[in-house]
Amino acid sequence: MSKELVAALETLEKEKGISKEVVIEALEAALVSAYKRNYGTAQNVEVEFDDDNGEIKVYQVREVSEEVYDSQLEISLTDALEINKAYEVGDKIRFEVTPKNFGRIAAQTAKQVIMQRMREAERSIVYNEYIEYADDLMTGTVERQDNRFIYINLGKVEAVLSKRDQIENERYHTHDRIKVYVSNVENSTKGPQVFVSRTHPNLIKRLFEQEVPEIFDGTVEVVSIAREAGDRSKIAVMSRDENVDPVGTCVGPKGTRVQAIVNELNGENMDIVEWDEDPAIFIKNALNPAQVLEVMFDKENKSCVIVVPDYQLSLAIGKRGQNVRLAAKLTGFKIDIKSESDMGNLEEKADDLTNDSFFEALNNGEEVAEQEVDSLGNSDKSFFDTENEVADIDEIQVSDAANTNSDVYAEEIATNTDQQPLDPLNDGDFEKGELNPEDMEELIQSAEKRDGMDEEVDTKASIDEMKEISEEIDEENS
């Protein structure tokens, strides 16, 4: 087989891309294994292949030793010196032991090794070729289908399209040419396995790259995609050139570009919106065609409340909630949609609740009232927005506290809101002519309770003066 084998190895290297050295190395290892099967041992056997003439020789390697325990592995020093006087203990001597029929064994083994190497090389070539198409678009032909897959011929390999990767309302027939997205390429023991999809969101991106040159060259970028395969998709795009309109570029003249993609996907609707770094504007764009009046964010939970006109509420939500669901996927925010009237009712209820809880707290006593005022001050900032509102609240607090005999609380409220402490004699409501003995008695008791609370207010003098007024009223009445 000598020269013919060398020629075959060279041809194999040229046509299949399999290195001759790789095949020879594998062939030598296989011949050692074959020798072991025929002669029972291969512990100290070496096989040499002559690249020039294609001859194969088998050598037995034995170690020089003073005492021989295994004649297959060792040779005595005396015998070694007869061969060559330069040998010493520990040297290794090779003896050619090529069997007479070893040429036939070598030929059969060479055939098996070459076939195996060819299969491995072809698998490797196919895998390396298609791994480059991972996360890319390819066109294939439907060949056959079973209960698990539809098999798509991509050229050198048969790709599989699983049921979850098939668009629900699409029907695939033998010899149909379809575009598929290569989602994964695996190198299994049976060869490379290519998985393709028709439902993956990146299929939309690759189709736009094919149809829109500005996306392919990077002038326009697809930022995010939200898709419900076979029904509707939303695509957010942005332009790196201020002179290029990203949405108009993707739509194309008279909608030709986007229509080509819609036709490829059998009528799947496409909403193309402009991306914006401002989340509020981006969310408004994502909810197109609905008009958005206001966007309120909860940044901690990455959610927002959207206010839309009453007549556009159903449009903003979409059929079966599809529009808002896709907008949420596109923007990454949880979206809650409220109509304008519903939002107004909620605000009125919030105001009523604030006032009711405030006055109820005042009537529950001093300690509860203070806690409620603190909580209102922290939670409902709109209740304390303006100085006028603060002043009105202070008057209500002081008046209501006085009417419920919560004088200490009234004093604290007046002091905390930068008003002067309550002085009955200086208050316009306490004119002498409008008071009766019962009123005066109540005022005197109230003032006595507050006696000594503020050093700047002469409460005792006020009490004495009120007592004199009370006596005068009694005299006038008698």
Side-chain angles (χ1 to χ4, degrees), residues 16-18 116-212 215-218 220-237 250 260-270 325-326 328-330 332:
K16 298 294 184 179
I18 305 172
Q116 177 65 24
R117 285 292 176 178
M118 285 180 62
R119 286 193 293 268
E120 291 178 0
E122 288 176 353
R123 290 175 183 176
S124 178
I125 291 170
V126 172
Y127 174 77
N128 292 333
E129 178 179 346
Y130 282 91
I131 193 65
E132 295 181 359
Y133 289 99
D135 191 32
D136 208 345
L137 196 66
M138 295 192 72
T139 300
T141 304
V142 177
E143 284 197 337
R144 56 193 174 89
Q145 56 183 315
D146 54 26
N147 294 330
R148 297 176 59 207
F149 300 113
I150 292 177
Y151 297 89
I152 312 294
N153 186 356
L154 298 180
K156 293 181 180 180
V157 71
E158 193 175 63
V160 293
L161 180 68
S162 65
K163 287 190 175 182
R164 67 177 183 180
D165 290 314
Q166 300 171 22
I167 297 177
E168 187 175 355
N169 57 358
E170 278 189 344
R171 296 293 177 266
Y172 307 95
H173 305 284
T174 306
H175 306 306
D176 284 352
R177 288 184 61 81
I178 60 173
K179 292 181 178 180
V180 291
Y181 173 78
V182 181
S183 57
N184 190 23
V185 180
E186 294 181 357
N187 196 9
S188 64
T189 54
K190 296 181 179 179
Q193 184 76 64
V194 180
F195 297 89
V196 296
S197 174
R198 289 276 292 175
T199 60
H200 201 287
N202 282 350
L203 175 66
I204 303 290
K205 183 177 181 180
R206 300 307 179 197
L207 288 172
F208 269 98
E209 287 176 351
Q210 283 192 347
E211 296 293 334
V212 184
I215 292 180
F216 184 78
D217 64 24
V220 176
E221 179 183 350
V222 177
V223 181
S224 61
I225 300 172
R227 186 183 184 200
E228 293 188 358
D231 195 356
R232 188 176 183 182
S233 295
K234 283 183 180 286
I235 304 97
V237 294
C250 294
I261 297 172
V262 170
N263 293 339
E264 174 62 34
L265 298 175
N266 295 320
E268 184 174 324
N269 295 317
M270 296 286 159
R325 187 167 58 250
L326 287 174
K329 290 180 182 178
L330 192 71

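Everything numeric in this text was worked out from a predicted model, so none of it was measured.
- Atom CD of Gln193 sits about 12.5 Å away from atom OH of Tyr127, to the nearest 0.5 Å.
- At least one side-chain heavy atom of Leu265 sits under 4.5 Å from a side-chain heavy atom of Leu203.
- Across every non-hydrogen atom of Lys163 and Asn147, the tightest pair is CE-O, 3.0 Å.
- Thr141 contributes no side-chain N or O that, together with a main-chain N or O of Asn153, makes up a donor-acceptor pair within less than 3.5 Å.
- Within a 6.0 Å sphere centred on OH of Tyr172, heavy atoms belonging to other residues, nucleotides or ligands number more than 12.
- Summarising the geometry, atom NZ belonging to Lys205 is positioned 14.5 Å from atom CZ belonging to Arg227; distances are rounded to the nearest 0.5 Å.
- Atom CD1 of residue Ile225 and atom NZ of residue Lys329 lie 13.0 Å apart, to the nearest 0.5 angstrom.
- We find the CG-CD distance between Asp217 and Glu209 to be 10.5 Å, quoted to the nearest 0.5 Å.
- Between Tyr130 and Tyr133, the ring-plane angle classifies as tilted under the 30° and 60° cut-offs.
- Looking at Val157 and Glu129, their side chains never come closer than 4.5 Å, going by heavy atoms from C-beta outward.
- Between His173 and Val142, the closest side-chain pair of non-hydrogen atoms is not below 4.5 Å.
- Looking at Leu154 and Val194, their side chains come closer than 4.5 Å, going by heavy atoms from C-beta outward.
- Within the 4.5 Å cutoff, no side-chain heavy atoms of Val182 are placed close to those of Phe195.
- Of the inter-residue distances, the one linking Ile150 atom CD1 with Gln145 atom CD reads 4.5 Å to the nearest 0.5 angstrom.
- A salt bridge (Lys or Arg N to Asp or Glu O under 4.0 Å) check over residues 136-155, counting only residues at least two apart or in different chains, returns the pairs Arg144-Glu158.
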Is there a side-chain contact (heavy atoms from CB on, under 4.5 Å) between Val222 and Ile235? Walk through the geometry before answering.
CA-CA 7 Å; Val222 177; Ile235 304 97; 3.7 Å; yes
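- Taking every heavy atom of both residues into account, Val185 and Ala134 meet most closely at CG2-CB, 4.4 Å.
- Checked against Asp165 for a side-chain contact (heavy atoms from CB on, under 4.5 Å), the options Val196, Val180, Thr199 give a single hit: Thr199.
- The two residues Val262 and Glu268 make their nearest non-hydrogen contact at CG2-O, 3.4 Å.
- Smallest separation of non-hydrogen atoms from Asn187 and Pro192: OD1-N, 4.1 Å.
- Partner of Gln210 under the side-chain contact (heavy atoms from CB on, under 4.5 Å) criterion, out of Ile215, Leu137, Ile261: Leu137 alone.
- The shortest non-hydrogen separation linking Cys250 to Val237 is SG-CG1, 4.0 Å.
- Rounded to the nearest 0.5 angstrom, Lys234 NZ and Ile204 CD1 are separated by 13.5 Å.
- Sorted by first and then second residue, the salt bridge (Lys or Arg N to Asp or Glu O under 4.0 Å) pairs with a member in residues 167-185 read Glu170-Arg198; sequence neighbours excluded.
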